[in-house]
Student: 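Can you read through this structure? Questions will come right after.
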Amino acid sequence: MNVLEVANLNKYFIEPVRNQVLKDVGFQVKAGEFVAITGKSGSGKSTLLYLLSTMDTDFEGSIMINGEQMKGKTNRWLAAFRNQHIGFVFQFHYLLPEFTSLENVMLPARKLGLYPKEQIEQRALDLLKLLDVDSQAAKRAALLSGGQQQRVAIARALINDPSIVMGDEPTGNLDSANSATVFGLFKELAKERQQTVLVVTHDEDFARRADRRIYMADGQIVEG
Amino acid sequence: MKQRLTNIALSASIAATYMKAKLRQTLVATAGVAFGITVFIFMVSFIQGTNEYTQDVVFQQSPHLRMYNEVQIADQSLLDRRFPGVINQVHHQKPKDILLNLKDANQVLGELRADPRVQAASGAITTQVFFRLGSSSLNGKINGVDLKREDQLFNLSSKVIEGSYEEVNVKTNSILMGVGLAKRLNVTTGDQTLITTEKGGNFPVIVAGIFKTGLTDIDKQQCYASIKTVQKLLGVPASYLTEIKVKLFDKELAPEMSGQWQARYHYQGSDWKKDNASLLEGDVLRRMIVYGVAGTILLVAGFGIFNILTMMIYEKMKEIAILKATGFSDSDVRGIFLTQALVIGAAGAVMGLVFGFLISYAVSKVPFNSDVMITLDHLPVSFKPVYYITGFTFGILTTALSGYLPSRKAAKMDPISILRG
């Protein structure tokens with residue numbers, strides 16, 4: 001079953017001059033696949049990821065996630081969809097500094113509102129434990145180290161059991177040990193929980209060990 | 001519905017965390033609103049208190065509505081009746097010599113007193129006189145009144161500062177004199193003075209007491225006496241009354257009832273609104289000034305909230321993007337910032353009401369002695385709930401408005417442009 005189907009995807013930047021950044025991109029991703037998107041700077045890989053994340057809605061073509069068309073949906077609908085089906089890990093951890101690690105992880109689940117608060121809290125603690133940062137649960141996010149923050153951010157991405165976890169250089173500012181932990185986790189997610197992982201990365205080593213690698217150049221998929 | 005409630009609760013809890021993190025700024029903004037409302041409450045209470053006090057002083061002396069007869073020029077001349085449909089010019093028309101008394105006044109008084117809307121009605125006979133002071137004379141006015149009823153209408157007995165109010169009722173040819181007039185005539189209680197009527201008769205009268213209303217015009221010119229005494233001065237029968245004064249339970253009805261009664265009894269009439277038009281107009285202007293000043297203060301407080309929220313939103317651009325990326329909708333984000341504005345507004349407004357009340361209360365206890373306003377011993381302050389309701393509504397509206405614009409900006413923010421860096 002295809003979790004993600006992209007067809008004839010074109011994207012233009014208008015400013016400062018009209019410039020086509022994605023040219024007729026099309027590919028499919030199956031459930032449980034671990035995909036790494038690589039390419040040089042300016043190849044359009046990050047732009048592609050933002051389109052897939054549904055946060056950027058300005059494109060031509062079609063993006064289907066879980067069989068739902070993303071084109072032409074309202075912001076509200078897309079926000080609710082992201083909340084439930086997409087987990088996002090950013091390059092620079094991006095936690096909310098005023099909230100504790102635990103609260104950061106819990107927020108998307110509280111927004112979803114499927115479970116009572118106590119249950120969400122338990123789940124969030126389990127996830128933090130899985131990522132080995134449960135000792136930092138009650139600390140404010142601003143006080144955590146970079147590696148710890150990134151792991152909390154991954155826990156946040158996983159809290160709602162999304163069908164796709166997306167990462168924009170998720171290991172970009174982690175040391176090799178932490179990097180390995182994160183990689184192992186992604187691999188496990190894909191294999192055991194059948195969650196799709198889609199990661200944009202510069203890390204050659206990381207990309208090579210993924211299930212599948214999509215290589216981009218000049219806004220087109222060259223290989224994969 | 002339940003989903004919406006949890007969303008609101010979630011936005012509120014995020015807002016609470018943000019406010020706790022920025023406690024000092026939040027408190028300053030709250031204090032700004034509180035200050036605005038405090039000043040508003042205090043100023044409105046004080047100015048309205050003063051307005052009401054001066055109104056009371058004047059209105060205690062003036063009935064809600066009056067009926068009288070006036071010398072009038074006939075609007076239709078004899079020629080018009082003789083030659084209708086023709087333009088008739090009459091130069092320097094003179095009025096007919098009429099009696100100024102009200103026809104069947106006692107009968108009308110009885111009817112008015114039976115009216116359930118009427119609190120008290122009193123007949124009076126008023127005349128211009130001259131007080132003799134050696135070889136010169138002073139202009140004055142004597143009101144012949146039903147002293148018992150006049151007391152019900154205007155609380156006249158409380159204005160007597162010397163002598164006895166009751167004595168005027170029993171002793172013929174005795175009068176109550178205004179304090180200013182007594183001073184000019186150099187008389188005190190028990191003295192005799194001479195008055196001359198319009199028709200030229202001279203009468204000796206005894207000053208039985210002296211009153212002070214606080215209104216210079218009245219105190220310097222007027223005297224009170226029993227109806228009988230004045231009727232005797234003028235040499236008119238006992239049914240002769242020139243004025244009917246009425247106090248109503250609801251004074252707002254006065255203009256309407258005045259019109260009705262004028263039509264029914266064929267008298268001329270006036271009401272307190274007509275008699276005190278300039279005073280009432282002044283009240284409206286003063287109130288406008290109060291609302292203007294308070295509005296400006298609240299506007300400034302509103303700018304404070306606007307600033308703080310706008311700065312907070314710029315600081316939190318990345319976090320707004322994260323919230324949106326993790327599935328918070330535009331309206332959730334708007335809710336977070338709007339909640340902050342409303343909490344600041346509501347807390348500030350409540351504090352403002354409390355402080356406003358305390359300051360007003362303190363001021364109302366400040367002693368204030370005045371020669372002119374004799375019944376005043378403390379500063380006049382009004383404590384009407386409507387000012388507090390207005391202040392609260394005003395505060396909430398300003399803060400909601402000044403929070404709405406920044407929060408809309410936050411809601412519109414495109415998460416991608418921020419994450420792209």
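Any value given below was found using the heavy atoms of this structure, including those in side chains, with hydrogens, waters and symmetry copies removed. In the text below, chain A, chain B and the rest are named by the order of the sequence lines, each starting its count at 1.
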Student: For chain A, which residues from residues 18-34 of chain B have at least one heavy atom closer than 4.5 Å to it?
Tutor: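 Listed by number, the contacting residues are B:Y18, B:A21.
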Student: Indicate the atoms forming the closest heavy-atom contact of B:A325 with A:F90, along with that distance.
Tutor: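 Nearest pair, atom of B:A325 first, then A:F90: CB-CZ, 3.5 Å.
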Student: With a 4.5 angstrom heavy-atom cut-off, is it the side chain or the backbone of A:L112 that approaches chain B, or both, or neither?
Tutor: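 The backbone, not the side chain.
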Student: Are more than 12 heavy atoms, taken from residues, nucleotides or ligands other than B:F383, located less than 6.0 Å from that residue's CZ atom?
Tutor: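 Count over threshold, so yes.
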Student: Are there more than 12 heavy atoms of other residues, nucleotides or ligands under 6.0 Å from atom OH of A:Y115?
Tutor: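 Open.
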Student: Other residues, nucleotides and ligands only: do more than 12 of their heavy atoms fall within 6.0 Å of NZ on A:K73?
Tutor: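 More than 12 within 6.0 Å, yes.
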Student: With chain B, which of A:N160, A:N83, A:N75, A:L78 has the greatest number of heavy-atom pairs at distances under 4.5 Å?
Tutor: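 When all of A:N160, A:N83, A:N75, A:L78 are compared, A:N83 has the most.
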Student: Between CD of B:E319 and CG of A:N104, what distance do you get to the nearest 0.5 Å?
Tutor: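 It is 9.0 Å, given to the nearest 0.5 Å.
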Student: How about B:K412: does its NZ atom have over 12 heavy atoms from other parts shown lying under 6.0 Å from it?
Tutor: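 At most 12 heavy atoms, drawn from other residues, nucleotides or ligands, come within 6.0 Å of this atom.
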Student: State whether the number of non-hydrogen atoms from other residues, nucleotides or ligands found under 6.0 Å of B:F355 atom CZ is greater than 12.
Tutor: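 12 or below, so no.
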Student: Between A:L95 and B:I322, is a side-chain contact (heavy atoms from CB on, under 4.5 Å) present by the stated rule, with each step listed?
Tutor: CA-CA 8 Å; A:L95 297 176; B:I322 297 166; over 6 Å; no
Student: Considering only heavy atoms, which portion of B:L323 lies under 4.5 Å from any heavy atom of chain A: side chain, backbone, both, or neither?
Tutor: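 The answer is the side chain of B:L323.
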Student: Indicate yes or no: at least one non-hydrogen side-chain atom of A:F99 is less than 4.5 angstrom from one of B:I14.
Tutor: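 They are in contact (side-chain heavy atoms under 4.5 Å apart), so the answer is yes.
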Student: If every non-hydrogen atom of A:R76 is compared with every non-hydrogen atom of B:S329, which pair is closest and at what distance?
Tutor: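 For A:R76 and B:S329, the tightest heavy-atom pair comes out as NH1-OG, 4.3 Å.
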Student: Around A:D218, counting heavy atoms of other residues, nucleotides and ligands shown, do more than 12 lie under 6.0 Å from its CG?
Tutor: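 No, the 6.0 Å shell around CG holds no more than 12 heavy atoms from other groups.
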Student: Does anything in residues 123-134 of chain A reach chain B? List residues with heavy atoms under 4.5 Å apart, or say none.
Tutor: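 Contacts with chain B: none.
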Student: Quick check: are there more than 12 heavy atoms from other residues, nucleotides or ligands sitting under 6.0 Å from CZ of A:F59?
Tutor: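 Yes, the 6.0 Å shell around CZ holds more than 12 heavy atoms from other groups.
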Student: At what distance, to the nearest 0.5 angstrom, does CD of A:E98 lie from OG1 of B:T17?
Tutor: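 Between atom CD of A:E98 and atom OG1 of B:T17 there are 8.5 Å.
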Student: Could you go step by step and tell me if B:T326 and A:R156 meet the side chain to side chain donor-acceptor pair (under 3.5 Å) rule?
Tutor: CA-CA 9 Å; B:T326 55; A:R156 183 183 60 192; 5.5 Å; no
Student: Using every non-hydrogen atom in the two residues, find where A:K111 and B:G327 come nearest and quote the distance to one decimal.
Tutor: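 Here A:K111 and B:G327 meet closest at CE-O, 3.5 Å.
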